[in-house]
Engineer: 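Can you keep this structure in mind? I'll have questions shortly.
What's counted below: heavy atoms across the whole structure, side chains too, no hydrogens, waters or symmetry copies.
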Amino acid sequence: MTSLILKRANAITVVSEGSAQDFSSAFPSCVKKITVIPNAIFSEDILKLKDEKITHPFLDEDKYPVILSAGRLTASKNFSFLLETFALVLKNTDARLIILGDGIERATLEKQAEKLGIFSFVSFPGNVSNPYAYMNRCDVFALTSLYEGLPSVLIEALTCGC
């Protein structure tokens with residue numbers, strides 16, 4: 001079945017040279033159809049943007065470790081779990097949490113932070129023009145998604161030194 005589908009394909013796109021080699025070995029008749037298009041993760045722009053000046057009360061004081069997370073505020077990103085976990089962290093460590101992004105769960109997450117008694121330790125700045133500057137200044141990046149294909153935001157945070 002796979003061979004039949006591949007014979008009819010006009011093009012086959014893979015994300016790495018290694019994938020192209022593996023695919024070529026498994027389906028030698030398709031070699032000419034294979035194109036490598038790597039995931040667009042790293043760019044020189046990130047390295048420039050991460051050093052931009054930003055102001056945020058949690059980042060302006062160097063008193064506390066700051067945890068950062070970013071993404072659409074939807075159930076699949078599991079920020080609810082992050083808030084519950086952060087409440088446990090606060091029992092032993094005076095820290096701050098910044099969640100970048102916006103979405104349908106925002107009001108629910110803000111209410112949850114209030115209910116957990118951690119609202120003053122959590123910031124929801126929404127969508128920001130330069131998340132890389134935040135990634136560069138935070139101590140820890142948290143990714144709590146229930147599922148991800150390739151977690152670009154995690155790779156970007158690592159690129160920024162977080």
Engineer: Please verify the inter-ring angle class for F27 with F23; under 30° counts as parallel, over 60° as perpendicular, anything in between as tilted.
Structural biologist: tilted
Engineer: Give the minimum heavy-atom separation between N127 and G101, together with the two atoms involved.
Structural biologist: OD1-CA, 3.4 Å
Engineer: Which pairs pass side-chain hydrogen bond (donor to acceptor under 3.5 Å, both in side chains) with one or both residues in residues 25-36, sequence neighbours excluded?
Structural biologist: none
Engineer: Does the side chain of I34 come within less than 4.5 Å of S24's, by heavy atoms?
Structural biologist: yes
Engineer: Regarding E156 and K50, does a basic nitrogen lie under 4.0 Å from an acidic carboxylate oxygen?
Structural biologist: no
Engineer: Hydrophobic cluster membership, with links at side-chain heavy-atom distances under 4.5 Å among I/L/V/M/F/W/Y: are F81 and F121 in one?
Structural biologist: no
Engineer: If you count heavy atoms of other groups shown closer than 6.0 angstrom to CG of D94, is the number above 12?
Structural biologist: yes
Engineer: Identify whether NZ of Lys or CZ of Arg in R96 sits under 6.0 Å from the centre of the six-membered ring of Y64 and within 45° of that ring's axis.
Structural biologist: yes
Engineer: What distance separates L90 CG from T85 OG1, expressed to the nearest 0.5 Å?
Structural biologist: 11.0 Å
Engineer: Any link between F141 and L82 through a network of hydrophobic side chains (Ile, Leu, Val, Met, Phe, Trp, Tyr) touching at under 4.5 Å?
Structural biologist: no
Engineer: side-chain contact (heavy atoms from CB on, under 4.5 Å) with R137: which residues, sequence neighbours excluded?
Structural biologist: I54, L59, D60
Engineer: I'd like to check the side-chain contact (heavy atoms from CB on, under 4.5 Å) partners of S80; sequence neighbours left out, ordered by chain and number.
Structural biologist: E84, L109, Q112
Engineer: Between CD1 of I12 and OG of S19, what distance do you get to the nearest 0.5 Å?
Structural biologist: 12.5 Å
Engineer: Closest heavy-atom contact between C162 and C138?
Structural biologist: SG-O, 3.9 Å
Engineer: Could you check if a side-chain atom of I98 sits within less than 4.5 angstrom of a side-chain atom of I67, using non-hydrogen atoms only?
Structural biologist: no
Engineer: With no hydrogens and no angle check, is any side-chain donor or acceptor of D139 less than 3.5 Å from a backbone partner on V66?
Structural biologist: yes
Engineer: First locate atom CG of L146, then atom CG of N78, and finally report the distance between them rounded to the nearest 0.5 Å.
Structural biologist: 4.0 Å
Engineer: Enter the distance from N136:CG to L47:CG here, rounded to the nearest 0.5 Å.
Structural biologist: 9.5 Å
Engineer: According to a hydrophobic-cluster definition based on side-chain heavy atoms being under 4.5 Å apart (Ile, Leu, Val, Met, Phe, Trp, Tyr only), do L154 and F79 belong together?
Structural biologist: no
Engineer: Do L73 and L97 belong to the same hydrophobic cluster, where Ile, Leu, Val, Met, Phe, Trp and Tyr are linked whenever their side-chain heavy atoms lie under 4.5 Å apart, directly or via other members?
Structural biologist: yes
Engineer: So which of L158, L68, L100, L143 actually passes side chain to side chain contact (heavy atoms under 4.5 Å, CB included) with V153?
Structural biologist: L143
Engineer: Testing the basics here: between Y134 and H56, what is the closest heavy-atom pair and its distance to 0.1 Å?
Structural biologist: CE2-CD2, 4.1 Å
Engineer: Should K77 and T144 count as side-chain neighbours, where that means a heavy-atom distance under 4.5 Å?
Structural biologist: no
Engineer: Please report the C-alpha distance between E110 and K115 in whole Å, then the side-chain angles of each, then the deciding distance to 0.1 Å, and finally whether the salt bridge (charged side-chain N to carboxylate O under 4.0 Å, His left out) criterion is met.
Structural biologist: CA-CA 9 Å; E110 288 174 341; K115 187 176 177 182; over 6 Å; no
Engineer: Heavy atoms only: give me the nearest S120-F58 pair and the separation to one decimal.
Structural biologist: O-CZ, 3.8 Å
Engineer: Assess, by modelled atom type and distance only, whether the side chains of S145 and E148 contain a donor and an acceptor separated by less than 3.5 Å.
Structural biologist: yes
Engineer: Which heavy atom in P125 sits nearest to a heavy atom in R106, and how many Å separate them?
Structural biologist: C-NH1, 4.4 Å
Engineer: Rounded to the nearest 0.5 Å, how far apart are CD1 of I46 and SG of C160?
Structural biologist: 6.0 Å
Engineer: Could you tell me if the side chain of S123 sits less than 4.5 Å from the side chain of I99, heavy atoms only?
Structural biologist: no
Engineer: What distance separates F124 CZ from S69 OG, expressed to the nearest 0.5 Å?
Structural biologist: 10.0 Å
